[in-house]
Amino acid sequence: MAIIETEATLHEAHRDNHTHRDVNGGWLRPAVFGAMDGLVSNLALMTGVAGGAVSHQTIVLSGLAGLAAGAFSMAAGEYTSVASQRELVEAELDVERRELRKHPKDEEAELAALYESRGVEPGLAREVARQLSHDPEQALEIHAREELGIDPGDLPSPAVAAVSSFGSFALGALLPVLPYLLGASSLWPAVLVALLGLFLCGAVVAKVTARSWWYSGLRQLALGGAAAGVTYALGSLFGTAVG
């Protein structure tokens, strides 16, 4: 086994070999899961309607209605959720801002105690807290990160969340409808396209997980196929009963 002899070599080896995946998923995770949600829900809706032995025009109309309703619902829900979260964070930041203005010494001591609890020598912890507290905005940012676990300069945008959710859901929900729009007159082309889309979405999700692409793809295909199968059976059952 080779031995790293110098500090420089150690840093070089660490830089070359010590890497991590993006554990937050960035934009990829919400986009893929939004598309997957659209795929599964609209495929299940269309197969449920098809199970009732209706015309293919009715199936297409159901698919388009499901796309529009689901996309608007996702966008509205995401906007409300992110806006509420942002408002809560901003309210807590206002509380912290007032405390820093009214009781700067107490907040400085609180920050020093936090660093000290993490193993920093008491004198050094007090000095670090004192220096960091000189700038009120910097002090607010540090307190927010340490006490609330947030970055005041990187709050999520409700509008961006709503638009991205709308787009990704609509794209996924479009796949089962697409074969009909291109001239198909039976359900099976729509099912095959949707299942292929589910497999591809699952494979892409593997980029932000520790699973292999084929396992993740097959798992999502199986789950989506099961949902479609159940709704088709229910559509057949209730369609016969109603008829």
Side-chain angles (χ1 to χ4, degrees), residues 25 27-83 158-208 213-243:
W27 61 269
L28 179 63
R29 185 179 182 278
V32 172
F33 278 97
M36 200 178 294
D37 192 10
L39 254 171
V40 173
S41 62
N42 220 29
L43 174 62
L45 172 64
M46 292 174 64
T47 53
V49 172
V54 298
S55 67
H56 81 276
Q57 289 91 344
T58 303
I59 300 173
V60 173
L61 180 60
S62 299
L64 292 174
L67 184 158
F72 279 110
S73 176
M74 285 284 290
E78 195 70 14
Y79 183 91
T80 302
S81 174
V82 174
V160 171
V163 170
S164 60
S165 294
F166 183 97
S168 61
F169 184 97
L171 181 62
L174 178 64
L175 285 183
V177 188
L178 198 56
Y180 282 105
L181 298 180
L182 295 177
S185 57
S186 67
L187 179 65
W188 292 111
V191 171
L192 292 175
V193 169
L195 291 179
L196 177 60
L198 285 169
F199 180 85
L200 292 176
C201 282
V204 172
V205 169
K207 289 184 171 292
V208 291
W213 64 270
W214 60 265
Y215 175 88
S216 184
L218 288 175
R219 178 177 60 183
Q220 195 56 43
L221 187 150
L223 292 172
V230 169
T231 55
Y232 185 86
L234 290 173
S236 300
L237 177 63
F238 290 114
T240 303
V242 171

Please tell me if the side chains of [X] and [Y] come closer than 4.5 Å, counting only heavy atoms from C-beta onward.
X	Y	answer
L192	L196	no
W213	V204	no
N42	F169	no
L43	L198	yes
Q220	L39	no

Can you see which heavy atom on [X] is nearest to which on [Y], and at what distance?
X	Y	result
P158	A83	CG-CA, 3.7 Å
V205	S216	CB-OG, 4.1 Å
V40	G224	CG2-CA, 4.3 Å
M36	G202	CE-N, 3.9 Å
P179	V193	CG-CG2, 3.7 Å

Task: Derivation and outcome, side-chain contact (heavy atoms from CB on, under 4.5 Å), residues L187 and H56 - done: CA-CA 8 Å; L187 179 65; H56 81 276; over 6 Å; no
TODO: Rounded to the nearest 0.5 Å, what's the gap from SG on C201 to CZ on F33? Could you check?
DONE: 9.5 Å
Task: From I59 atom CD1 to L64 atom CG, the distance as rounded to the nearest 0.5 Å - done: 12.0 Å
- [ ] Evaluate side-chain contact (heavy atoms from CB on, under 4.5 Å) for M46 paired with Y180, printing each intermediate quantity in order.
- [x] CA-CA 11 Å; M46 292 174 64; Y180 282 105; 3.7 Å; yes
I'd like to know if the side chain of [X] and the backbone of [Y] have a donor-acceptor N/O pair within less than 3.5 Å.
X	Y	result
T231	A227	yes
S236	G51	yes
S164	A161	yes
S41	D37	yes
T47	A44	yes

Task: Other residues, nucleotides, ligands: >12 heavy atoms within 6.0 Å of F199 CZ - done: yes
Task: Test log, rule side-chain contact (heavy atoms from CB on, under 4.5 Å), inputs L181 and V60 - done: CA-CA 8 Å; L181 298 180; V60 173; 4.2 Å; yes
